[in-house]
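Read through the structure below, which is laid out as structure tokens, and then see the notes.
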Amino acid sequence: MTADCFAENLLKWYDNHGRHDLPWHHNRTAYRIWVSEIMLQQTQVATVIPYYLAFMERFPDVQSLAEAPVDDVLSHWSGLGYYARARNLQNAAQTVMDEFGGAFPDTQEALESLKGIGRSTAAAIIAQAFGKRAAILDGNVKRVLARYHAVPGWPGQTSVLKQLWEHAEEHTPSERIRDYTQGIMDLGAMVCTRSRPKCNDCPLQKGCAAYARKETNLYPGSKPKKAKPEKTTWMVILEDQNGRILLERRPPNGIWGGLWSLPELDPAYGADELQEACERNLGLDCGEPELISGFRHTFSHYHLHIQPARLGVTGQQGVRDNGQHKWLHRHEALALGLPAPIRTLLTNPEQATLL
DNA sequence: AACTCGGGGAT
DNA sequence: ATCCCAGAGTT
């Protein structure tokens, strides 16, 4: 496959207008590219950059990541979301150490065998780190190709995705693969944007089917929308006489998997029942609850109304430090991997109200 | 094939 | 408020 007009025009644009100075563009090892790719899944570049820099400082190579305590990895992910990414990241680092002698594989199949690496991320590593030809298909590329070829339908649909992959393969050149891969993502992020694309600045305008029809707004097709359910929960700040707060580790799967959070209680409890519920469920001796103003946190598929309450705890009976629970001072808790709204709540309860 | 998994930025 | 983002894993 030789570079067609698509790739040539794109590369010329990239040379003049693309992003050439992102943190993972320096010292392009497979490790550094891989971490950037995982962080960038469903997360915008500007959000990722500070996390990436801190992560690289703490885990400079695959061995340091493989050997780290999982809570250390999660704390560096706190606020990024999709926490399974962090757990899979460390799992893959351990696999690289144990099964690949600490060196990242450079084939599609071997890379996809690592937890958290799918077709597109494997291709990005092959292209960016190893300079070998491989086609990527992320959100930016999907938008560019859906418009260029006027591919109808929502890319989440298997048939649409299949067509987009075919176009991705067809346009990917064998020369300058790093620049092409970065360039098509940059074009999607900077020119072929979701709304009000800058078609007059686009190097692909001439061949773009959506532009020719003045229908860039129709591509890619939008996701069928569903109403998000509303859920409610109590979250209790149980504080002992030394000012320590009880934290609870969430189960490895499900929302906020593996993170430390506040104990939750069924919203069916009334405020007047909280004290007794805490005492019965956790074996604690609690005082009267002090209600904190509630707030709403929105996930991709539901809304969660969080109603916090603070209860003083007397004595040392009841739940102690173990694998699932910890009594920690505020500043110690903030060093753990916490869900974003819990971090806000512990940092500044008043600010949480504004969310 | 449909669903799950977060949080933030853009609009 | 809604949509989307350098997607992958599970069911």
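Per chain, numbering begins at 1; letters A, B, ... match sequence-line order. The structure displayed is predicted, hence computed values, not measured ones.
When distances run from any side-chain atom of A:Leu22 to the nucleotides C:dA6, B:dG8, B:dG6, the shortest one goes to C:dA6. The side chain of A:Leu40 approaches C:dA6 more closely than any other nucleotide in the set C:dA6, B:dG9, B:dG6. In the set B:dG6, B:dG9, C:dA6, the nucleotide with an atom closest to the side chain of A:Arg19 is C:dA6. For A:Asp138, whose side chain is taken as the heavy atoms from C-beta onward, the closest listed nucleotide among C:dG7, B:dC5, B:dT11 is C:dG7. Side-chain proximity of A:Gln44 to C:dG7, B:dG6, B:dG9: nearest is B:dG9.
Residue A:Lys226 is classed as a sugar-phosphate contact, given heavy-atom separations below 4.0 Å to backbone atoms only. Residue A:Leu89 is classed as having no contact, given no heavy-atom separation below 4.0 Å to the nucleic acid. Among the heavy atoms of the strands lying under 4.0 Å from A:Ala340 are primed sugar atoms or P, OP1, OP2 only; no base atom is included. Counting any heavy atom pair closer than 4.0 Å across all strands shown, A:Gly156 reaches no nucleic acid atom. Counting any heavy atom pair closer than 4.0 Å across all strands shown, A:Gln182 reaches a base atom. Across all strands shown, A:Val45 has heavy atoms under 4.0 Å from base atoms, whether or not it also approaches the sugar-phosphate. Across all strands shown, A:Thr43 has heavy atoms under 4.0 Å from base atoms, whether or not it also approaches the sugar-phosphate. Residue A:Trp24 is classed as a base contact, given a heavy-atom separation below 4.0 Å to a base. A:Ser195 comes within 4.0 angstrom of sugar-phosphate atoms only, judged by non-hydrogen atoms across all strands, and of no base.
Annotation: side chain of A:Lys231 is not in contact with side chain of A:Thr233 (no heavy-atom distance under 4.5 Å). Contact annotation: the side chain of A:Glu175 never approaches that of A:Leu11 to less than 4.5 Å [non-hydrogen atoms, C-beta and beyond].
Proximity of A:Arg296 to the phosphate of C:dA1: a side-chain N or O atom is located under 4.0 Å from OP1 or OP2. Residue A:His301 places at least one side-chain N or O closer than 4.0 Å to OP1 or OP2 of B:dC5. For B:dG6, neither phosphate oxygen OP1 nor OP2 lies less than 4.0 angstrom from any side-chain nitrogen or oxygen of A:His297. Considering only side-chain N and O atoms, A:Lys115 lies under 4.0 angstrom from the phosphate OP1 or OP2 of C:dT10. Remark: A:Trp77 is not in phosphate contact with B:dG6, judged by side-chain N or O atoms under 4.0 Å from OP1 or OP2. For the OP1/OP2 pair of B:dG7 and a distance below 4.0 Å, the side-chain nitrogens and oxygens of A:Thr298 include no atom meeting the criterion. Look at A:Lys225 and you'll find a side-chain N or O under 4.0 angstrom from OP1 or OP2 of C:dC3.
For the pair A:Lys12 and A:Tyr14, the cation-pi test (distance below 6.0 Å, angle within 45°) is failed.
Atom CD of A:Gln42 is separated from atom P of B:dT4 by 15 Å (rounded to the nearest Å). Atoms CD (A:Gln157) and P (B:dC3) sit 12 Å apart, rounded to a whole Å. Rounding to whole angstrom units, CD1 of residue A:Ile342 and C1' of B:dG6 are separated by 13 Å. Rounding to whole angstrom units, CG of residue A:Asn140 and P of C:dC4 are separated by 13 Å. Between A:Phe299 atom CZ and C:dC5 atom P there is a gap of 21 Å when expressed in whole angstrom units. Here B:dT4 presents its C1' atom at 15 Å from OH of A:Tyr83, a figure rounded to the nearest Å. Nucleotide C:dC3 holds its C1' atom 11 Å from the CZ atom of A:Arg143, rounded to whole Å. Atom CG of A:Leu304 is separated from atom C1' of B:dG7 by 14 Å (rounded to the nearest Å).
Nucleotides C:dA6 and B:dC5 are separated by 23 Å at their P atoms, to the nearest Å. Comparing C:dA8 with B:dG8, their P atoms are spaced 23 Å from each other, to the whole Å.
Ring geometry for A:His149 versus A:His171: interplanar angle under 30°, hence parallel rather than tilted (30 to 60°). Classified by interplanar angle (parallel below 30°, tilted 30° to 60°, perpendicular above 60°), the ring pair A:Phe299/A:Tyr302 is tilted.
Atom NZ of A:Lys223 has 12 or fewer heavy atoms from other residues, nucleotides or ligands within 6.0 Å.
Comparing A:His25 and A:Ile117 by the nucleotide of DNA chain C that holds the closest heavy atom to each, the one mapping nearer the 5' end is A:His25.
With no hydrogens or angles considered, no side-chain donor-acceptor pair links A:Arg85 and A:Asn88 at under 3.5 Å.
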